[in-house]
Trainee: 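Take this structure, written in structure tokens, and hold onto it; I'll ask about it next.
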Amino acid sequence: MQLFDTLRREDCGIAPLDGKTYRFYCCGPTVYGPAHIGNFRTFVLQDVFRRTLETGGMRTLHVRNITDVDDKTIRDSQKSGQSLKAFTDQWKEKFHSDCDALACLPPHIEPSAVEHIPQQIAMIGALVEKGHAYVSDDGSVYFKISSFPGYGKLSRLDERELDLGKTQNARASSDEYEKDSISDFVLWKTRRDDDGENFWESPWGQGRPGWHLECSAMIQEYLGDTFDLHSGGVDLVFPHHENEIAQSRCACGGNFAAHWFHITHLLVDGGKMSKSLGNMHTLSDLREKGFTPMEVRYVLIGAHYRKQLNFTLDSLSGAKEALHKLAKSAAKLAENMGGETSLPAADFGLFQPAWDALNNDLNTPAALGAIFTGLREASKLTGNEAAAALAGLNRILKALGITLPETSGDDSEVPADIRELAETRWSARSNKDWATSDKLRDQLSALGWAAKDGKDGYQLSKL
RNA sequence: GGCGGAGUCGCCAAGUGGUAAGGCAAUGGUUUGCAAAACCGUCAUUCGUGGGUUCGAUUCCCACCUCCGCCUCCA
């Protein structure tokens, strides 16, 4: 497939460096609260990326970290009176269940920062030894940016106002740490009172690793000094990924990531998502509003990953209908197959354009559009042609991570009292007692149920 | 101020130097006791504004307007 590379700023062919397994790393969540849909846009699109590679027959090695020690996790664990581990475990669990609900494949390896302190200390040691890092008077260790000429390439610092020299002069006086240069970033934070019990021993005294370092250390551990691709939200380009490049290349040699894949932030109702605006949706919030995780996923893949996606409740409703339409079409195809069985497809058939779209810079919205277009043709088919179409459809849906809702109403979960009302209504209706029938229909809908009448019976569905 | 992105039907959203995918909504019809559901159909001569290049631009160039994001932790 072709994918836009953030560093090279052009579409690049995606293929494993070692010819066997495509190895990629995604910056994972900081587990100090529930992840929001903005976070999930990134994780869902990374999931589609992986599924696309795998659907194309590639083997993958997907590594995604858990940040379980930083300022926020320490601060909020103390606020809640829990140990750091108990606190982060609970949010890690929540994250996993949300990911499952959104049909995101779990990464093959999910290392946590706390579990890789020795690796991080070792990397800092290497950087100090090679002259890329220095120890300040208080025992903190900083990366010396001036020692790495390639610094700023990913985020194109030289084309922005962030001239390093200028930044130093502008901020040197306001920073509490002693540093050679203000832009130097911290690798090891010396222990402070408000860290509580959250500190580790190191050659530079008690403290904890800096945030940027954990990814570099874990990447080195599981993917080595050169691997295929590194991904995250756009906000991570600078300084996080820039710092990772500096740390890893200086400490380990190697080229670090061959490609960079960044997902643009989403907007909510046309603006930035923020707590103060009350538009910080979590998956749980949306479920309470009656939307399914699959509907959320559908919305999240409904715009190209390099464009801002305008997330609205209306688009979620649209997703609900669109998924329903897909499910109906798939059911009709199955019906039209007659006695044929739908075998796993060797190709995409009518849905080849959708597959092509995915492979063209992961164009998920174009792929979705192509699915509906293909379905229009598919609906005319019968027998083994319908079977082949259904197989192609299932294959492309799997690549997108979409599972279809049930088309036939599930009557098994109807409460007894609702069932009774509906039965009464049906008999009234059968007796052409329209007044009673309509009255009971209103009652049912007030209770949240809709009765859909057919020739020989009715079906109940939740409103 | 610097950097970057974007303005395409009511909403969401693809796309292209050759005349606008798709979804939602809306709307007409079939069906229905009436609805709902289902099914069939309709739905941008036009792509922020003004110029320019071109046989031809929504797509390229210039100017302008508007919006958004980043530049501090952030997916």
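Heavy-atom basis, side chains included; hydrogens, waters and symmetry copies ignored. By convention in this document, chain letters (A, B, ...) are assigned in the order of the sequence lines, proteins followed by strands, and residues within each chain are numbered from 1. Keep in mind that this is a model prediction, so the values were computed, not measured.
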Trainee: Between the base of B/rG15 and the side chain of A/N363, is one N or O donor paired with an acceptor at under 3.5 angstrom?
Mentor: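 No pair found.
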
Trainee: Just checking, any donor-acceptor pair under 3.5 angstrom between side chains of A/H36 and A/R41?
Mentor: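 No donor-acceptor contact under 3.5 Å links the two side chains.
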
Trainee: Looking across every strand, which nucleic acid part, if any, lies under 4.0 Å from A/H304 by heavy atom: base, sugar-phosphate, or nothing?
Mentor: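 Sugar-phosphate, no base atom in range.
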
Trainee: Using the side-chain heavy atoms of A/K452, tell me which of these nucleotides is nearest: B/rA75, B/rA36, B/rG33.
Mentor: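 Taking heavy atoms from C-beta onward, the closest nucleotide is B/rA36.
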
Trainee: If you go through the side-chain atoms of A/R75, does one of them form a donor-acceptor pair with the base of B/rC73 closer than 3.5 Å?
Mentor: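 Side chain to base: no pair below 3.5 Å.
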
Trainee: Identify all pairs in which a protein N or O lies below 3.5 Å from an N or O of nucleotides 39-42 of chain B, and state each distance.
Mentor:
from   : atom 1 : to     : atom 2 : distance (Å)
B/rC39 : OP2    : A/K328 : NZ     : 3.2

Trainee: Regarding A/G302, tell me which of base, sugar-phosphate or nothing describes its non-hydrogen contacts under 4.0 Å with the strands shown.
Mentor: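 Sugar-phosphate contact only.
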
Trainee: Using a heavy-atom cut-off of 4.0 Å across all strands, would you classify A/L236 as base, sugar-phosphate, or nothing?
Mentor: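 Sugar-phosphate contact only - A/L236 comes under 4.0 Å of backbone atoms but never of a base.
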
Trainee: Quick one: which of B/rA14, B/rA75, B/rG69 gets closest to the side chain of A/D235?
Mentor: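 Looking only at side-chain atoms, A/D235 lies closest to B/rA75.
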
Trainee: Identify which nucleotide among B/rG15, B/rG4, B/rG7 has an atom closest to any side-chain atom of A/R9, counting heavy atoms from C-beta outward.
Mentor: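 Given the options B/rG15, B/rG4, B/rG7, the side chain of A/R9 is closest to B/rG4.
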
Trainee: When you compare the protein's N or O atoms with those of nucleotides 23-28 of chain B, which come within less than 3.5 Å of each other, and at what distance?
Mentor:
from   : atom 1 : to     : atom 2 : distance (Å)
B/rG23 : OP1    : A/K325 : NZ     : 3.1

Trainee: Which nucleotide in the list B/rA14, B/rA35, B/rG33 gets nearest to the side chain of A/S437?
Mentor: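 Selected nucleotide (nearest to the side chain): B/rG33.
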
Trainee: Can you tell me which nucleotide in B/rG33, B/rA75, B/rA13 comes closest to the side chain of A/L309?
Mentor: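 So the side chain of A/L309 is nearest to B/rA13.
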
Trainee: Can you list every stem that RNA chain B is part of, counting only runs of 3 or more consecutive Watson-Crick or G-U wobble pairs with both distances under 3.5 Å?
Mentor: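 Detected stem regions: B:1-7 with B:65-71, B:10-12 with B:22-24, B:26-30 with B:38-42, B:48-52 with B:60-64.
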
Trainee: Taking the six-membered ring for Trp, does A/H265 stack with B/rA75 (centroid gap under 5.5 Å, planes within less than 30°)?
Mentor: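 A/H265 ring centre within cut-off of B/rA75 base, planes near parallel; stacks.
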
Trainee: With heavy atoms under 4.0 Å as the rule, sort A/K320 into base, sugar-phosphate or nothing.
Mentor: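 No contact at all - A/K320 keeps every heavy atom at 4.0 Å or more from the nucleic acid.
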
Trainee: Can you tell which of B/rA75, B/rC12, B/rG69 lies closest to the side chain of A/K272?
Mentor: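 Closest of the options to the side chain of A/K272: B/rG69.
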
Trainee: Does a distance-only test, which skips hydrogens and angles, find a donor-acceptor pair under 3.5 Å between the side chain of A/D438 and the base of B/rA35?
Mentor: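 Answer no: no donor N or O sits under 3.5 Å from an acceptor.
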
Trainee: By nearest atom, which of the nucleotides B/rA75, B/rG69, B/rA13 is closest to the A/N39 side chain?
Mentor: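 Ranking B/rA75, B/rG69, B/rA13 by closest atom to the A/N39 side chain puts B/rA75 first.
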
Trainee: With the side chain of A/H324 defined as its heavy atoms from C-beta on, choose the nearest nucleotide among B/rA38, B/rA75, B/rG15.
Mentor: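 Among B/rA38, B/rA75, B/rG15, the one nearest the side chain of A/H324 is B/rA38.
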
Trainee: Tell me what A/G233 touches on the nucleic acid: a base, only sugar-phosphate, or nothing, going by heavy atoms under 4.0 Å.
Mentor: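 Sugar-phosphate, backbone atoms only, no base.
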
Trainee: Have a look at A/L266 and say if it touches a base, only the backbone sugar-phosphate, or nothing, with a 4.0 Å heavy-atom cut-off.
Mentor: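 Base, at least one base heavy atom under 4.0 Å.
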
Trainee: Please work out if A/M280 contacts a base, only the sugar-phosphate, or nothing of the nucleic acid, heavy-atom cut-off 4.0 Å.
Mentor: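 Result for A/M280 = nothing.
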
Trainee: May I ask you to say what A/G454 touches in the nucleic acid, namely base, sugar-phosphate or nothing, with a heavy-atom cut-off under 4.0 Å?
Mentor: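 It contacts nothing in the nucleic acid.
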
Trainee: Under 4.0 angstrom, heavy atoms only, what part of the nucleic acid is A/D71 near: base, sugar-phosphate, or nothing?
Mentor: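 No contact.
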
